[in-house]
**Student:** 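This structure is in structure tokens; I'll ask about it shortly.
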Amino acid sequence: CSDRKEYVIAMSQCSEDIWREKLNTEMLAGTYLYDNVTLRVASANDDNVRQTEQINGFVNDGVDILIVAPNQMNTVTPAIENAYNKGIPVILFDRKTGSDKYTAFIGADNVKMGRTMGEYIASRLGGKGRVLEITGLKGSSPAIERHQGFADALKHYPGIELVAVSSGTWMQQSGRKAMEAMLDSVGGNIDYVFAHNDRMALGARQAAQARGLAGRIKFIGIDALPGKGGGIELVRDGVLDASYIYPTRGDMVMQLAMSILEKHPYQRENLMKTALVTKDNAEVLLMQAEEMNKLNDKLNMMHDRVNMYLTQYSHQKVYLMMFIII
Ligand code: FRU
């Protein structure tokens with residue numbers, strides 16, 4: 001009906017990669033459930049200044065809600081606080097700020113993820129071994145939290161030595177560089193490498209491979225994306241030893257945004273479920289993901305068809321009106 005409010009949902013993504021693309025696509029599919037919602041997505045390509053400008057742009061345009069994954073904890077905070085102070089509800093997703101000026105958070109428990117990976121390594125090594133860690137971008141909240149959880153877990157295993165920690169930028173190439181530098185300084189007598197995402201784990205493995213060490217050292221990451229070249233496949237194929245599902249769940253992010261906009265009850269802190277991926281469950285997870293993909297493709301096709309019919313229908317209506325007027 002005509003008095004229904006139209007909503008513009010603005011989404012500020014810190015980066016551009018397949019994990020973010022999956023999330024954007026899910027968010028878009030989430031809008032199909034509503035006929036009064038427009039989604040605007042801006043990607044900052046890991047650039048704090050750009051993300052600040054993009055958020056300010058959304059605020060000036062008077063969007064109804066801002067969903068943001070802040071590149072680092074503090075650098076884009078002023079822009080986010082400004083949006084919040086102007087009365088725009090703010091959802092933080094995946095990454096956090098150091099400020100409490102936000103309406104709701106949705107993401108996964110990164111401390112728990114780091115801890116699980118520490119415990120996993122300790123159990124695989126029987127409590128004794130030498131480990132390296134490659135963190136995500138300095139100052140971004142998942143990197144801080146994953147490191148904290150990992151270091152906490154290893155404290156309980158005195159036989160596991162965290163030989164070196166180096167920081168990457170979430171990119172594959174940065175994992176490679178970090179690994180090269182660590183191999184240079186501590187040598188190749190290493191059992192496991194924990195990288196904060198699968199892309200960096202893959203980069204690190206390439207560095208080890210170039211030195212003939214890929215068979216000796218095991219690599220684990222986080223994200224476990226389904227699909228070609230994704231983390232689940234890498235685990236199934238033995239390229240990575242394990243990964244951890246870092247859920248995108250754009251549908252849940254969308255639902256939270258709608259609850260806030262429509263003044264329905266919602267929780268301020270929302271943690272999504274996650275799971276460890278090893279060779280034991282990778283195949284089953286891939287099969288499930290394939291099924292999901294097929295269903296999503298069907299949904300998108302149906303959405304396009306309905307749109308086509310609606311367009312045809314409205315054209316017919318216009319013709320009919322013209323006919324009546326003539
Ligand atoms: C995607 C990504 C993931 C990582 C997450 C952390 O942009 O780099 O690989 O798990 O961000 O926020």
Side-chain angles (χ1 to χ4, degrees), residues 109-137 142-225 230-246 274-282 285:
D109 186 339
N110 283 292
V111 177
K112 183 175 154 210
M113 241 174 272
R115 198 182 309 128
T116 307
M117 288 325 227
E119 281 160 5
Y120 173 79
I121 288 181
S123 91
R124 293 303 298 252
L125 290 176
K128 196 175 174 339
R130 290 165 60 80
V131 176
L132 300 178
E133 181 184 3
I134 300 174
T135 71
L137 177 71
I144 295 166
E145 295 180 347
R146 288 173 194 181
H147 170 72
Q148 191 193 322
F150 189 63
D152 280 353
L154 293 190
K155 271 189 211 142
H156 297 107
Y157 301 94
I160 303 279
E161 189 187 346
L162 184 55
V163 181
V165 182
S166 178
S167 60
T169 62
W170 300 118
M171 317 269 195
Q172 183 168 337
Q173 197 52 27
S174 74
R176 187 174 182 146
K177 275 203 189 129
M179 186 69 188
E180 275 163 4
M182 286 191 288
L183 286 175
D184 282 344
S185 62
V186 301
N189 180 19
I190 298 297
D191 300 300
Y192 262 94
V193 175
F194 168 44
H196 285 191
N197 70 5
D198 294 339
R199 276 174 292 154
M200 293 190 297
L202 199 59
R205 190 176 185 275
Q206 285 166 343
Q209 205 163 20
R211 299 183 189 203
L213 292 167
R216 190 207 180 289
I217 306 174
K218 290 198 166 64
F219 297 84
I220 64 175
I222 284 179
D223 282 349
L225 279 171
I232 305 183
E233 200 183 75
L234 294 175
V235 173
R236 183 201 59 188
D237 297 344
V239 177
L240 299 184
D241 182 67
S243 183
Y244 204 97
I245 296 177
Y246 194 49
T274 54
L276 183 69
V277 179
T278 63
K279 221 173 170 119
D280 293 338
N281 60 359
L285 287 169

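FYI, side chains are in, hydrogens and waters are out, and symmetry mates aren't considered; it's all heavy atoms of this structure. Quick caveat, the model's predicted, so the values are computed rather than measured.
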**Student:** Is a donor on one side and an acceptor on the other found under 3.5 Å between the side chain of Asp191 and the backbone of Arg130?
**Tutor:** yes
**Student:** Does a side-chain N-to-carboxylate-O contact under 4.0 Å join Asp184 and Arg211?
**Tutor:** yes
**Student:** Take Asp241 and Lys279, measure what side-chain contact (heavy atoms from CB on, under 4.5 Å) needs, and give me the verdict at the end.
**Tutor:** CA-CA 7 Å; Asp241 182 67; Lys279 221 173 170 119; over 6 Å; no
**Student:** How close do Ala201 and Ile220 get, heavy atom to heavy atom, and via which atoms?
**Tutor:** CB-O, 3.8 Å
**Student:** Would you please test Tyr246 and His196 for side-chain contact (heavy atoms from CB on, under 4.5 Å) and show each step?
**Tutor:** CA-CA 11 Å; Tyr246 194 49; His196 285 191; over 6 Å; no
**Student:** Could Glu180 and Arg176 be called an ion pair, given the rule that one side-chain N must be under 4.0 Å from one carboxylate O?
**Tutor:** yes
**Student:** For a side-chain contact (heavy atoms from CB on, under 4.5 Å) check, start with the C-alpha distance between Met179 and Ile217, then their side-chain angles and the critical distance, and finish with the verdict.
**Tutor:** CA-CA 12 Å; Met179 186 69 188; Ile217 306 174; 4.0 Å; yes
**Student:** Which heavy atom of Ala153 sits nearest to which heavy atom of Gly118, and what is that distance?
**Tutor:** CB-CA, 4.0 Å
**Student:** With side-chain contact (heavy atoms from CB on, under 4.5 Å) as the criterion, how do Tyr157 and Leu125 come out once you've worked through the C-alpha distance, each side chain's angles and the decisive distance to 0.1 Å?
**Tutor:** CA-CA 11 Å; Tyr157 301 94; Leu125 290 176; over 6 Å; no
**Student:** Could you pull out the closest heavy-atom pair between Met117 and Gly221, with the gap in Å?
**Tutor:** CE-O, 3.1 Å
**Student:** So which heavy atom on Val193 is nearest to which on Ala204, and how close?
**Tutor:** CG1-CB, 4.5 Å
**Student:** Only counting residues at least two apart or in another chain, list the ones meeting salt bridge (Lys or Arg N to Asp or Glu O under 4.0 Å) with Arg205.
**Tutor:** none
**Student:** For the backbone of Trp170 and the side chain of Asn197, can you confirm whether one donor and one acceptor N or O come within less than 3.5 Å of each other?
**Tutor:** yes
**Student:** For Ile134 and Gly168, work out which heavy atoms get closest and say how close.
**Tutor:** CG2-N, 4.2 Å
